[in-house]
Student: 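Attaching a single structure in structure tokens format; questions to follow.
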Amino acid sequence: MAPSKLNSTDPHGNGDANFSSSQPDNGSSDSLTLFHSEKAVQELLQQTPIQQTDDHLIEFSEALRTVAKALRRAAEGKASAQAEAAEWKRRFELERARNQQREHKGNNICEMLQSWWAQTSIYNARGMIRLMLPCLVCWEERNRRVSEGKSPGECNADIDAQRVENSTNQPMQRNETNEQSENCSTNGLCSHEILHDGETDSQAKEVPNRIMRKASFKLSWRCKGDISDQHKHDIVSFERGNITAAGRSSKQISLKWESDPQTLLIMSKPNSTSVRILCAEMVRWLKEHKKLNIYVEPRVMGELLSESSYFNFVHTWKDEKEVLSLHTKVDLVVTLGGDGTVLWAASMFKGPVPPIVPFSLGSLGFMTPFYSEHYRDCLDSVLRGPISITLRHRLQCYVIRDAAKNEYEMEEPILVLNEVTIDRGISSFLTNLECYCDNSFVTCVQGDGLILSTTSGSTAYSLAAGGSMVHPQVPGILFTPICPHSLSFRPLILPEHVTIRVQVPFNSRSPAWASFDGKDRKQLAAGDALVCSMAPWPVPTACQIDSTNDFLRSIHDGLHWNLRKTQSFDGPRDL
Ligand SMILES: NC(=O)c1ccc[n+]([C@@H]2O[C@H](COP(=O)([O-])OP(=O)(O)OC[C@H]3O[C@@H](n4cnc5c(N)ncnc54)[C@H](O)[C@@H]3O)[C@@H](O)[C@H]2O)c1
Ligand SMILES: Nc1ncnc2c1ncn2[C@@H]1O[C@H](COP(=O)(O)OP(=O)(O)OP(=O)(O)O)[C@@H](O)[C@H]1O
């Protein structure tokens, strides 16, 4: 049959060659020839729509690709605006902390508490959004003007001018702040409640005789060999959280109490008999010899009370809201456990962190320089001060969902002391993570994942993935791939001021998973991003000797770093 012949001899399906070859060559009737030709033409015509369908499919898939690209660009724009906003917020906090420090002397107490409240509310999602929105508006406005053909410099100048104009709105903003402080009890901790000796009103009523005033302290550092006080700087007003300061990374920092610490929080590793016994003994000693107020976790409170009703004086908390206000009550935190307990303790404080005294009751202990056997001497000297401390930087991480339609749906930031890891989870596919640093494309991670680590975390997971060990006082962010499927992907160390964005592309074969200090795993679907920058509040941990000595001891003892038998004296030598 002509059609089958046509098909069988036309590998390309265009019919040309077969159309001519299907011409009868024996001079049979014209009508038959015509019939066959018509049939062949019809065949061809029937094939044309198939060809057209193919073309349409190609066009359609190209259109889809274009749409996907546009969507991706839009999501990237959104994530980059949000990253930028996070960075603006960070700068804004630093600037405000600096201004508050300057204004400190002239301010009356009410203003001070109001500003404190404003700062606390940063950690309330709405407060954060309130801070971020103006930044986003500026960012979008700037982008709009750039797209109109203006130079970035011109745009910034325009926006600054507009901001000056907008300063006439100041009274309205003030009203907003007043409103906040009036309504603060509904949002968490109220500024006037802090005025009452660091206790909330309700608690102060429950325990009327106890005076719990927060101890203030000063941090200072001096140049090597300088024994005078000339280079001392006052940098800390604990409640304001302005513990961040330039220069903190370059010298050994010393903490001196300005008033005696009165309240101590003990955090301990669960499920350990030796830790439980030590904890009870320490609480008893602190109460009887140091007359301190003691806080413990609800779990530990239960353990203590099951041991004896003697421990009735110990305090604990009931809910998350009270945890948020802990930093206003606690002068010092003691941890009994390994590094994991230090991480746990740090994670309890979303804002300023009281100094932590970490006792070693784990197997390694990179951040736990104190021996538990000597806890009395050690706590004696810490409570007396001055002590050397390490200000450990933290990273603040925002998970930005592609599905979030507006800023109100943004999740609370998560603070990490070690690292945030983005990996493939249970998926067997390579991760495909697009990484940007301050909006510049860094690379695409194809492998098991990526670790964004602090320098304190450099001896943890990042080290296991081939990252360098870095002194914890060095300000930087480690960018360490996990099993990258490329020979040249070496780990990086980026400066502390950058904002890193890790984006799961829309064409990713599987979702990625983020985990924070090894916990709280969150799924990152295609289009979601993780934005990470240095957090304003570091974690001050007490040193046994000093930052450097403790760090070197931890890598020698913990990792047996560069341990090798010494070469013997005898043998060949250069003459
Ligand atoms: N392959 C790895 O090395 C690997 C894998 C997963 C998690 N981790 C680390 O475990 C940490 C969580 O610790 P955990 O105690 O809750 O979990 P865990 O009980 O599983 O302990 C993990 C180990 O990491 C050590 N560690 C923690 N922080 C450290 C630090 N800053 N420097 C050196 N060692 C450190 C701990 O001492 C512990 O031995 C994560 O932040 C991550 O860094 C490491
Ligand atoms: N107070 C706490 N409440 C709940 N979990 C805690 C607490 N302290 C520690 N953890 C968790 O317990 C686990 C083990 O803690 P930690 O690392 O301190 O002990 P360890 O494993 O014995 O020490 P090392 O890691 O040095 O061997 C960690 O995952 C940590 O997050």
Side-chain angles (χ1 to χ4, degrees), residues 265-276 278-279 295-304 316-317 323 326 333-349 356-372 390 392-395 397 414-425 447-474 478 480-483 491 513-521 532 538-539 541 547 550-561:
L265 164 66
I266 301 177
M267 310 231 24
S268 59
K269 170 171 82 173
N271 299 326
S272 162
T273 312
S274 56
V275 167
R276 210 174 60 224
L278 178 70
C279 180
Y295 272 85
V296 295
E297 294 165 90
R299 167 185 53 83
V300 180
M301 186 74 201
E303 286 170 5
L304 290 175
T316 190
W317 54 87
V323 173
L326 261 187
V333 180
V334 164
T335 61
L336 307 176
D339 294 315
T341 310
V342 178
L343 298 175
W344 186 267
S347 72
M348 303 259 303
F349 297 91
I356 297 180
V357 187
F359 285 95
S360 171
L361 285 116
S363 60
L364 285 180
F366 285 79
M367 296 189 279
T368 58
F370 293 99
Y371 300 110
S372 55
T390 303
R392 296 180 182 275
H393 306 278
R394 285 197 286 183
L395 297 175
C397 311
I414 301 167
L415 295 164
V416 294
L417 176 53
N418 265 355
E419 79 284 290
V420 51
T421 305
I422 304 109
D423 60 33
R424 62 187 172 88
D448 279 358
L450 174 72
I451 301 168
L452 299 175
S453 168
T454 62
T455 43
S456 286
S458 70
T459 43
Y461 198 179
S462 169
L463 173 77
S468 183
M469 290 192 286
V470 190
H471 189 299
Q473 210 66 86
V474 175
L478 282 79
T480 313
I482 310 170
C483 298
W513 290 84
S515 61
F516 305 86
D517 282 344
K519 301 219 175 323
D520 301 332
R521 278 176 94 69
C532 171
V539 178
T541 58
S547 251
D550 285 9
F551 169 66
L552 293 176
R553 189 164 62 95
S554 75
I555 60 171
H556 286 139
D557 293 355
L559 297 173
H560 303 159
W561 182 61

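Counting starts at 1 for both ligands and their atoms, in listed order.
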Student: Looking only at protein heavy atoms, which one is nearest to atom 9 (C) of ligand 2, and how far off is it?
Tutor: Thr341 OG1, 3.3 Å

Student: Can you check whether Leu361 has an N/O within less than 3.5 Å of an N/O in ligand 2?
Tutor: no

Student: Flag Gly338 as yes when one of its N or O atoms lies below 3.5 Å from any N or O atom of ligand 2, and as no otherwise.
Tutor: yes

Student: Side chains of Ser272 and Ser274: is there a donor and an acceptor less than 3.5 Å apart?
Tutor: yes

Student: Looking at ligand 2, does Leu364 have a heavy atom less than 4.0 Å from it?
Tutor: yes

Student: What protein heavy atom is closest to atom 4 (C) of ligand 1, reported as residue, atom name and distance in Å?
Tutor: Tyr461 CD2, 3.6 Å

Student: To the nearest 0.1 Å, how far is atom 19 (O) of ligand 2 from its closest protein heavy atom, and which atom is that?
Tutor: Lys269 CD, 3.1 Å

Student: Below 4.0 angstrom, counting only protein heavy atoms, does anything approach atom 31 (O) of ligand 2?
Tutor: yes

Student: Could you tell me which residues satisfy salt bridge (charged side-chain N to carboxylate O under 4.0 Å, His left out) with Arg521, sequence neighbours excluded, listed by chain and number?
Tutor: Asp423

Student: To the nearest 0.1 Å, how far is atom 25 (O) of ligand 2 from its closest protein heavy atom, and which atom is that?
Tutor: Ser363 OG, 4.4 Å

Student: Is atom 2 (C) of ligand 2 less than 4.0 angstrom from some protein heavy atom?
Tutor: yes

Student: If you have a sec, work out which protein heavy atom is nearest atom 28 (N) of ligand 1 and how many Å separate them, to one decimal?
Tutor: Asn418 ND2, 2.8 Å

Student: With heavy atoms of Ala464 as the reference, note each atom of ligand 1 found under 4.0 Å away.
Tutor: 1 (N), 2 (C), 3 (O)

Student: In Å, rounded to the nearest 0.5 Å, how long is the span from CD1 of Ile451 to CD of Glu419?
Tutor: 6.5 Å

Student: Can you list the atoms of ligand 1 that are under 4.0 Å from a heavy atom of Thr459?
Tutor: 30 (C), 31 (N), 32 (N), 33 (C), 34 (N)

Student: Does the protein put a heavy atom less than 4.0 Å from atom 43 (O) of ligand 1?
Tutor: yes

Student: Is the shortest distance from atom 21 (O) of ligand 1 to a protein heavy atom below 4.0 Å?
Tutor: no

Student: Quick one: which ligand 1 atoms are inside 4.0 Å of a heavy atom on Gly340?
Tutor: 14 (P), 15 (O), 16 (O)

Student: Contact between Ser456 and ligand 1, counting heavy atoms under 4.0 Å?
Tutor: yes

Student: Find all atoms of ligand 2 within a distance of less than 4.0 Å from any non-hydrogen atom belonging to Ser268, and give their numbers and elements.
Tutor: 1 (N), 2 (C), 7 (C), 8 (N)

Student: Can you list the ligand 1 atoms lying under 4.0 Å from a non-hydrogen atom of Leu364?
Tutor: 37 (O), 39 (O)

Student: Return the orientation label for the Trp317 and Tyr295 ring planes: parallel under 30°, perpendicular over 60°, tilted otherwise.
Tutor: parallel

Student: What do you think, any protein heavy atom under 4.0 angstrom from atom 18 (P) of ligand 1?
Tutor: no

Student: Identify the protein heavy atom lying closest to atom 34 (N) of ligand 1, giving its residue, its atom name and the separation to 0.1 Å.
Tutor: Phe366 CD1, 3.3 Å

Student: What atoms of ligand 1 come within less than 4.0 Å of a heavy atom belonging to Leu343?
Tutor: 12 (C), 13 (O)

Student: Pull out every atom of ligand 2 sitting under 4.0 Å from any heavy atom of Lys519, numbered as shown with elements.
Tutor: 29 (O), 31 (O)

Student: Can you check atom 2 (C) of ligand 1: any protein non-hydrogen atom closer than 4.0 Å?
Tutor: yes

Student: Which ligand 1 atoms does Met367 reach within 4.0 Å, using its non-hydrogen atoms?
Tutor: 31 (N)

Student: How far is atom 40 (C) of ligand 1 from the closest protein heavy atom, and which atom is that?
Tutor: Glu419 OE2, 3.3 Å

Student: What residue and atom, counting heavy atoms only, is the protein's closest point to atom 26 (N) of ligand 1, and at what distance?
Tutor: Asp339 OD2, 3.7 Å

Student: Can you check which of Pro270, Ser360, Gly340, Gly362 brings a heavy atom nearest to atom 12 (O) of ligand 2?
Tutor: Pro270

Student: Can a side-chain donor-acceptor contact be found between Ser547 and Thr390 if the only test is distance below 3.5 angstrom?
Tutor: yes

Student: Below 4.0 angstrom from a heavy atom of Lys519, which ligand 1 atoms are there? Numbered from 1 as shown, please.
Tutor: 16 (O)

Student: If the cut-off is 4.0 Å to any non-hydrogen atom of Glu297, which atoms of ligand 2 fall inside it?
Tutor: 1 (N), 2 (C), 3 (N)

Student: Ligand 2 versus Ser272, non-hydrogen atoms closer than 4.0 Å: side chain, backbone, both, neither?
Tutor: neither

